Amino acid sequence: MGKYFYTDGKEKYGPYSKEELRNQPISRTTKVWCYGMDKWTELSHVPELSNVLNSIPPELNTTPPIKKESSTVEPKTETEPIQKVEPKTQPSKEIKKSSNFSKWVIAIIAVIIISLFAYAVIQNQSEVNQYNEIAANSYDSDEDFDMYVQKFYRDLEFYGIYPKKPKVQIIKFSKLDQLDNTTHIHGLSFGSGDDDRIEIYINPSTWKQFNKPMRYFLMYHELAHDVLNLDDLEPKSWHEGKLMYPAISSYENKNMDDFIESAHALFEEQSE
């Protein structure tokens, strides 16, 4: 359920969810890694990514097989004249047509791969720019965010879950409602997939409007991303009430008992 990184042998890219990983310029031999894995492993050797693997078309053998024709020649007798056999030209034309078709296939595949790679680069740069803007507009406050972090870890220990404590912890306010593409986002986390980092930014106007249970829902939701490397649940009706349901604003009628039930259900699931 974590987020994955992949490498082209030179650079590391990520983190991505399984669905996001499908859209990356990867192949069956691309090496991937996520929290809990001992080392970088080829995509085809990671069982939990079988759905991603199945979405990648097998590599094409673009060189069409050439059919060899064999014939049996009867031995000639001394009285039989030796006849000259004219070469057959039709198979050569067929081979030439197949070769041209293969070149077109290769060209189309090359264009698709280049387009996907360019899209991934642009998307990654856009995410980097967004992160830089959020971080640049963040600021410290008197809010005791560390209280939520310490309680989160104590709740994990109660269920026998002992994740690595990060070396870096950044939890700040950032005016997300004043930035492009984040106007309806209450909080964002950037430490998923990095065991040494918790980095969370909270929209201050959201925090001011939220009551106590909703603040706990928001903080535990973002901490679950960074500490447990969990993804958001799909915004389906049957996921409502769960901690990783992305529409936290819909929990305005929830109380602390609802929050405790939701958080403990998640931790119990992770401890299995």
Side-chain angles (χ1 to χ4, degrees), residues 1-7 12-26 30-37 40-41 43 46-56 120 123-124 126-128 130-131 134 148-149 152-153 155-156 159 161 163-164 166 170-171 176 181-182 184-203 206 214 216-251 259 261-272:
M1 297 178 64
K3 290 197 173 183
Y4 295 82
F5 292 81
Y6 76 89
T7 178
K12 181 181 74 174
Y13 303 92
Y16 299 105
S17 65
K18 291 181 180 180
E19 291 301 320
E20 293 171 339
L21 196 60
R22 293 174 184 267
N23 298 323
Q24 305 310 311
I26 58 177
T30 297
K31 291 189 176 181
V32 299
W33 177 90
C34 77
Y35 173 75
M37 295 177 62
W40 291 87
T41 306
L43 176 64
V46 182
E48 58 266 33
L49 294 179
S50 58
N51 290 339
V52 177
L53 182 65
N54 292 336
S55 69
I56 301 175
Q123 185 180 43
N124 184 65
S126 176
E127 292 175 353
V128 169
Q130 184 186 62
Y131 166 78
I134 292 171
Y148 295 93
V149 177
F152 184 85
Y153 275 100
D155 288 346
L156 288 177
Y159 282 91
I161 303 173
K164 180 181 178 181
I170 301 172
I171 305 180
L176 304 177
N181 302 321
T182 61
H184 299 290
I185 296 178
H186 308 303
L188 283 173
S189 57
F190 292 94
S192 180
D194 186 348
D195 295 339
D196 288 325
R197 180 169 63 120
I198 290 177
E199 187 170 2
I200 297 172
Y201 297 97
I202 302 296
N203 186 34
T206 293
M214 292 182 70
Y216 268 95
F217 266 111
L218 177 58
M219 288 303 301
Y220 269 48
H221 179 96
E222 300 303 334
L223 286 168
H225 282 315
D226 277 11
V227 177
L228 300 178
N229 300 309
L230 298 181
D231 295 329
D232 284 335
L233 294 172
E234 293 184 8
K236 304 296 185 180
S237 59
W238 55 83
H239 287 153
E240 290 185 8
K242 296 182 179 181
L243 188 64
M244 299 313 294
Y245 185 69
I248 295 294
S249 59
S250 66
Y251 290 177
F259 161 72
E261 181 180 355
S262 179
H264 287 196
L266 176 68
F267 295 151
E268 185 174 357
E269 179 182 334
Q270 294 301 307
S271 66
E272 294 178 353

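None of these values were measured; they are calculated from a predicted model.
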Donor-acceptor pair, distance only, cut-off 3.5 Å: does the side chain of [X] make one with the backbone of [Y]?
X	Y	value
Glu222	Leu218	no
Asn203	Leu176	yes
Asp226	Ile198	no
Asn229	Gly193	yes

Identify, with sequence neighbours excluded, every residue that meets side chain to side chain donor-acceptor pair (under 3.5 Å) alongside [X].
X	answer
Tyr216	none
Tyr153	none
Ser262	none
Tyr251	none

Any non-hydrogen side-chain atom of [X] less than 4.5 Å from a side-chain atom of [Y]?
X	Y	result
Val52	Val32	no
Phe5	Met37	no
Tyr220	Asp155	yes
Asn124	Tyr16	yes
Ile248	Thr206	no

Quiz item: What pairs with Lys164 under salt bridge (Lys or Arg N to Asp or Glu O under 4.0 Å), at least two apart in sequence or on another chain?
Solution: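 In terms of salt bridge (Lys or Arg N to Asp or Glu O under 4.0 Å), with neighbours along the sequence ignored, Lys164 is linked to Asp196.
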Exercise. Under the salt bridge (Lys or Arg N to Asp or Glu O under 4.0 Å) rule, collect the residues that match up with Arg197, sequence neighbours excluded.
Key: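 Arg197 satisfies salt bridge (Lys or Arg N to Asp or Glu O under 4.0 Å) with Asp194, Glu199 once adjacent residues are dropped.
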Exercise. Check Leu21, Leu230, Asp231 against Lys3 for a side chain to side chain contact (heavy atoms under 4.5 Å, CB included) and give me the one that passes.
Key: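 That would be Asp231; it is the only one of Leu21, Leu230, Asp231 passing the side chain to side chain contact (heavy atoms under 4.5 Å, CB included) with Lys3.
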Quiz prompt | Aromatic plane relationship, Phe152 with Phe267 - under 30° parallel, 30 to 60° tilted, over 60° perpendicular | solution =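 Ring orientation, 0 to 90° scale: perpendicular.
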Exercise. Kindly assign one of parallel, tilted or perpendicular to the pair Phe259 and Phe217, based on the angle between their ring planes and the thresholds 30° and 60°.
Key: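 The arrangement is perpendicular - the two ring planes meet at more than 60°.
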Quiz item: Does the ring centre of Tyr6 sit less than 6.0 Å away from the ring centre of Tyr13?
Solution: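 Centroid distance Tyr13-Tyr6: below 6.0 Å, so yes.
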First locate atom [atom1] of [X], then atom [atom2] of [Y], and finally report the distance between them rounded to the nearest 0.5 Å.
X	Y	atom1	atom2	answer
Ile185	Ile202	CD1	CD1	11.5 Å
Cys34	Lys18	SG	NZ	8.5 Å
Phe190	Glu127	CZ	CD	9.0 Å

Quiz item: Does CD belonging to Glu240 count more than 12 external heavy atoms closer than 6.0 Å?
Solution: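 Above 12, so yes.
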